[in-house]
J.: 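The structure's right below; bear with me while I get my questions together.
Throughout, protein chains are lettered first and strands after them, A, B, ... in sequence-line order, and every chain is numbered starting at 1. Note that the coordinates shown come from a computational prediction; the quantities given were computed from them, not determined experimentally.
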Number of protein chains: 2
Amino acid sequence: MDEAHRSGCPINLTLEVLGDRWSLIVIRDIMFGNRRHFRELLQKSDEGIASNILADRLKRLVEKGLLYREDDPSHKQKTIYSLTEMAIQLVPLLAEMGAWGRRFLPVSEELAIRAELLEKGGRPLWEDFMEELRVLHLHGEPDPSKPSVFERLTAAYQEVLARKQAAAAE
Amino acid sequence: MDEAHRSGCPINLTLEVLGDRWSLIVIRDIMFGNRRHFRELLQKSDEGIASNILADRLKRLVEKGLLYREDDPSHKQKTIYSLTEMAIQLVPLLAEMGAWGRRFLPVSEELAIRAELLEKGGRPLWEDFMEELRVLHLHGEPDPSKPSVFERLTAAYQEVLARKQAAAAE
DNA sequence: ATTAACCAGTTGCAAAATACAAGCAGTTGA
DNA sequence: TCAACTGCTTGTATTTTGCAACTGGTTAAT
């Protein structure tokens with residue numbers, strides 16, 4: 001199970017886990033898109049991951065401790081994938097990736113809005129979001145007293161998308 | 001030159017540039033190890049990159065705008081690779097990667113000390129470090145009035161390494 | 001002037017990872 | 001009863017990676 005590592009450098013070890021073109025895409029979709037089932041991840045991904053690659057990445061991420069796999073009690077064939085604490089703590093990393101990409105790469109407006117909000121909110125917002133993810137993925141008991149960061153991010157995305165579509169329809 | 005992108009998502013676009021097992025290793029060695037020549041990157045890398053992969057990554061990173069390649073005036077065959085502003089702004093991302101790796105993966109003590117200092121210093125330290133990198137890679141005029149973050153990181157690494165070697169020698 | 005060490009890569013080949021399309025046994029809801 | 005859906009698997013073609021040897025040229029010491 002324990003493969004040989006190239007080195008004990010923190011950056012290298014992180015790359016050995018996440019340094020490929022799909023692992024973080026899968027985590028992003030579970031985290032920001034709340035996609036919890038295989039077919040959701042397969043079909044609703046903007047990037048179009050192949051089913052065998054998705055299966056392999058889910059297996060790897062479960063083995064590495066980033067995802068937790070369990071049966072869906074409501075449907076004998078469904079499987080639920082959840083983030084572990086290890087994956088939830090990738091929020092700052094993903095926020096930085098989004099911020100950097102937005103600064104230097106040709107991002108699309110509607111997909112960049114979440115990255116913009118995360119960057120502007122800074123670490124306090126990331127902490128709130130991580131706490132929500134813990135509720136959603138680790139406990140399952142939502143706290144209704146706080147406005148949801150997840151919903152704010154999703155709403156902002158929907159809004160930009162709707163605005164763009166309205167503009168395109170004219 | 002412009003390949004088709006999988007999507008306009010900032011995280012996806014960042015992964016299309018950096019989402020492999022070597023690109024960020026190369027940038028890390030230039031950034032934290034001040035390795036500026038091909039042979040330095042090839043031989044002093046803890047991970048042992050192959051020469052053809054290194055050549056390919058350097059070419060790609062120059063094409064993507066993360067590195068700048070120029071002849072070394074002191075030696076007709078030497079080439080100097082420098083970080084561009086785009087790469088310098090990866091400092092927060094690399095700091096988060098280091099922090100996450102240190103928390104969850106089996107890092108070695110001497111290689112983790114830099115990540116620890118960067119995490120504890122937080123964004124203000126990152127800004128100082130980025131400013132030093134700009135001097136080192138973009139202008140070439142050091143500012144002697146400030147204590148160097150680069151030197152602090154390097155000294156901390158040397159110290160831990162020396163301590164470990166002394167302990168091992170007993 | 002010779003020569004050994006050094007320079008940034010390149011070449012050829014095997015192995016591994018990735019991508020694409022089709023298919024599977026079982027489950028569910030109409 | 002049956003069409004749609006469930007999480008995958010299989011087979012095959014293509015691309016990427018890894019390893020080792022090698023290249024044409026430069027430099028520094030003898």
J.: When all nucleic acid strands are considered with a 4.0 Å heavy-atom cut-off, which category describes B:Ser51: base, sugar-phosphate, or nothing?
T.: base

J.: Checking A:Asp72 now: which residues fulfil side chain to side chain contact (heavy atoms under 4.5 Å, CB included) with it, not counting sequence neighbours?
T.: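 Listed in chain order: A:His37, A:Ser74, A:Lys78, A:Ile80.
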
J.: Under the salt bridge (Lys or Arg N to Asp or Glu O under 4.0 Å) test, which residues partner B:Arg36, sequence neighbours left out?
T.: none

J.: Walking along DNA chain D from 5' to 3', note the first and the last nucleotide with an atom under 4.0 Å from a heavy atom of chain B, and give both.
T.: D:dT17 to D:dT27

J.: Apply side chain to side chain contact (heavy atoms under 4.5 Å, CB included) to B:Asp128 and list each qualifying residue two or more places apart in sequence or on a separate chain.
T.: B:Lys146, B:Val149

J.: Show me the protein contacts with nucleotides 13-16 of chain C, counting only N or O atoms at under 3.5 Å.
T.:
none

J.: Which residue lies toward the 5' end of DNA chain D, A:Leu42 or B:Asp20, if each is placed at its nearest nucleotide?
T.: A:Leu42

J.: So, A:Glu132 and A:Arg152, do they make that salt bridge, N to O below 4.0 Å?
T.: no

J.: Could you list the residues that satisfy ring pair (Phe, Tyr, Trp, His ring centres under 6.0 Å) with B:Phe32, not counting sequence neighbours?
T.: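 Partners of B:Phe32 by the ring pair (Phe, Tyr, Trp, His ring centres under 6.0 Å) criterion, ordered by chain and then number, come out as B:Phe129.
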
J.: Rounded to the nearest Å, what distance is computed from the CD atom of residue A:Glu16 to the P atom of nucleotide C:dA17?
T.: 13 Å

J.: Validate the cation-pi geometry between A:Arg6 and B:Trp22: distance from NZ or CZ to the six-membered ring centre under 6.0 Å, angle to the ring axis within 45°.
T.: yes

J.: I need the residues from residues 21-32 of chain B with at least one non-hydrogen atom less than 4.0 Å from DNA chain D; give them sorted by number, or say none.
T.: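 Going residue by residue through residues 21-32 of chain B, the ones with a heavy atom under 4.0 Å of DNA chain D turn out to be B:Trp22.
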
J.: In this structure, how many angstroms lie between the P atom of C:dG9 and the CG atom of B:Leu54, rounded?
T.: 8 Å

J.: Less than 4.0 angstrom from a charged side-chain N to a carboxylate O is my criterion; do B:Arg57 and B:Asp20 meet it?
T.: yes

J.: Taking only residues at least two apart or on different chains, which pairs with a member in residues 104-126 of chain B satisfy salt bridge (Lys or Arg N to Asp or Glu O under 4.0 Å)?
T.: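 Residue pairs with at least one partner in residues 104-126 of chain B: A:Glu96-B:Arg123, B:Arg102-B:Glu116, B:Arg102-B:Glu119, B:Arg103-B:Glu119, B:Glu109-B:Arg163, B:Glu110-B:Lys164, B:Glu116-B:Lys120.
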
J.: side-chain hydrogen bond (donor to acceptor under 3.5 Å, both in side chains), that's the test. Do A:Glu70 and A:Thr79 meet it? Break it down for me.
T.: CA-CA 6 Å; A:Glu70 63 194 321; A:Thr79 297; over 6 Å; no

J.: In whole Å, I'd like the distance from the CD1 atom of B:Ile53 to the P atom of C:dG9.
T.: 15 Å

J.: For B:Asn52, check side chain to side chain contact (heavy atoms under 4.5 Å, CB included) against everything at least two apart and list the hits.
T.: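 Partners of B:Asn52 under the side chain to side chain contact (heavy atoms under 4.5 Å, CB included) test: B:Ala50.
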
J.: Output all residues satisfying ring pair (Phe, Tyr, Trp, His ring centres under 6.0 Å) with B:Phe104, sequence neighbours left out; order by chain, then residue number.
T.: B:Trp100

J.: List, with names and distances, any nitrogen or oxygen atoms from the protein found under 3.5 Å away from nitrogen or oxygen atoms belonging to nucleotides 28-30 of chain C.
T.:
unit_1	atom_1	unit_2	atom_2	d
C:dT28	OP1	A:Lys76	N	3.1

J.: Going by the rule side chain to side chain contact (heavy atoms under 4.5 Å, CB included), which residues pair with A:Glu131 if we only count those two or more places apart in sequence or in a different chain?
T.: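 Partners of A:Glu131 by the side chain to side chain contact (heavy atoms under 4.5 Å, CB included) criterion, ordered by chain and then number, come out as A:Arg134.
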
